[in-house]
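Okay, structure first, notes after.
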Amino acid sequence: IYILEDDASIRKLVVYTLNSQGMEARGFPLPSLFWQAVGEQMPALVLLDIMLPEEDGLSVLKKLRATPRTAKLPVIMLTAKSEYLDKITGLTLGADDYIAKPFNPLELVARVKAQLRRFTQYNSEERRQSDNVIDFAGLLLNKDTHQCIYNEKELTLTPIEFNILWILCENRGQVISSERL
C-alpha cells in the first residue's frame, strides 16, 4: 500500500497503523517519489492526499486512471479537503473512497481492508482468465505487473524471485531443473 502524503506526521501514522495491522505500507512525501516507486512495483492500493507539492492529488488520480497499468488500482483519497464538492470531485475522477482528515485510524484500516477485498473479488475472475496470471492457494501472481499477493497482502519480490516463483507455480507438482530456473 502506497501513501502519498506530504505531512510527515500523518504519513508516519498511516504507515505505522497499516504495518501494525499486517499490511505492507510505504509513504511518499512527493509525487515524483511516488511515481518512481509505482514504476518499480505496483501497490495493492493507494492512499492519496489532494494538497501536495509538485502536483496535486487530483492530477495524480487522473494519471492513475488514464494509465492502463494502474487504471483499476484502488485509490482512497485521504485529505483535509472535506467539503461536499471536494468529495464529489474526487469520487467523480475515479477515487474508490474518500476519507476526510482528521480520521480515525481504525476506520481507515477497515476501509482499506474493504477496498482490498472488493478489488480482489472484482478482479479475481478477470485474473483467472488471463494467461499472465496465476491464482493458486491464496497466491496471486500477475506477470504483466510483476505483482505478487498472498492472502490479500502484497509481497515484495525481486524480478528473479518473481520469475522463479512463477515457474514453480506454473509447473506445480513437477521437478524443475536448476538450468530451467
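Note that these values count all heavy atoms, side chains included, but never hydrogens, waters or copies made by symmetry.
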Run the side-chain donor-acceptor check on residues 103-112: report pairs under 3.5 Å with partners two or more places apart or on a different chain.
{"unit_1": "Asn104", "atom_1": "OD1", "unit_2": "Leu106", "atom_2": "N", "d": "2.7"}
{"unit_1": "Asn104", "atom_1": "OD1", "unit_2": "Glu107", "atom_2": "N", "d": "3.4"}
{"unit_1": "Glu107", "atom_1": "OE2", "unit_2": "Arg111", "atom_2": "NE", "d": "2.9"}
{"unit_1": "Glu107", "atom_1": "OE2", "unit_2": "Arg111", "atom_2": "NH2", "d": "2.8"}
{"unit_1": "Arg111", "atom_1": "NH1", "unit_2": "Asp97", "atom_2": "OD1", "d": "2.8"}
{"unit_1": "Arg111", "atom_1": "NH1", "unit_2": "Asp97", "atom_2": "OD2", "d": "3.2"}

message: For a 4.5 angstrom cut-off between non-hydrogen side-chain atoms, does Trp35 reach Val60?
response: yes

message: Could you measure the distance from the CG atom of Asn171 to the CZ atom of Arg180? Nearest 0.5 Å is fine.
response: 4.5 Å

query: Could you give the distance from CD (Gln41) to OH (Tyr2), rounded to the nearest 0.5 Å?
result: 4.5 Å

message: Please check if the number of heavy atoms outside Lys101 that lie under 6.0 Å from its NZ is greater than 12.
response: yes

message: Go through it in stages, so that I can follow the logic: the residues are Asp96 and Arg117, the test is salt bridge (Lys or Arg N to Asp or Glu O under 4.0 Å), and I'd like the CA-CA distance, side-chain angles, deciding distance and then a yes or no.
response: CA-CA 12 Å; Asp96 297 288; Arg117 270 194 315 273; over 6 Å; no

field: Non-hydrogen side-chain atoms of Leu141 and Glu170 separated by less than 4.5 Å
entry: no

query: Between Leu64 and Tyr98, is there a shared hydrophobic cluster once you connect ILVMFWY residues whose side-chain heavy atoms come closer than 4.5 Å?
result: yes

task: Applying salt bridge (Lys or Arg N to Asp or Glu O under 4.0 Å), name anything that partners Glu54, two or more places apart in sequence or on another chain.
output: none

Taking distance alone, no hydrogens or angles, what donor-acceptor pairs closer than 3.5 Å link side-chain atoms of residues 8-15 to residues at least two apart or in another chain?
{"unit_1": "Ser9", "atom_1": "OG", "unit_2": "Asp7", "atom_2": "OD1", "d": "2.6"}
{"unit_1": "Arg11", "atom_1": "NH1", "unit_2": "Glu5", "atom_2": "O", "d": "2.6"}

- prompt: Who pairs with Asp6 by side chain to side chain donor-acceptor pair (under 3.5 Å), at least two apart in sequence or on another chain?
  reply: none

- prompt: Sub-3.5 Å donor-acceptor pair from the side chain of Gln115 to the main-chain atoms of Pro74, do we have one?
  reply: no

query: Between Leu47 and Leu33, is there a shared hydrophobic cluster once you connect ILVMFWY residues whose side-chain heavy atoms come closer than 4.5 Å?
result: no

query: Any side-chain heavy atom of Leu140 sitting closer than 4.5 Å to one from Val133?
result: yes

message: Working to the nearest 0.5 angstrom, can you tell me the gap between Asp49 CG and Leu4 CG?
response: 7.5 Å

query: How would you list, by chain and number, every residue that makes a salt bridge (Lys or Arg N to Asp or Glu O under 4.0 Å) with Arg69, sequence neighbours excluded?
result: none

- prompt: Can you name the residues that form a side chain to side chain donor-acceptor pair (under 3.5 Å) with Gln21, not counting sequence neighbours?
  reply: none

- request: Check the pair Val38, Val46 against side-chain contact (heavy atoms from CB on, under 4.5 Å), reporting the backbone distance first and the verdict last.
  value: CA-CA 10 Å; Val38 168; Val46 173; 5.7 Å; no

- line: When rounded to the nearest 0.5 Å, the distance separating NE2 of His146 from CE of Met42 is 12.5 Å

Shortest non-hydrogen separation from Ile1 to Ile3 and the atoms involved: O-CD1, 4.0 Å

message: How long is the straight-line distance from CG of Leu93 back to CG of Leu58, given to the nearest 0.5 Å?
response: 5.5 Å

task: Drop me the distance from Asp144's CG to Asn132's CG, to the nearest 0.5 angstrom.
output: 4.0 Å

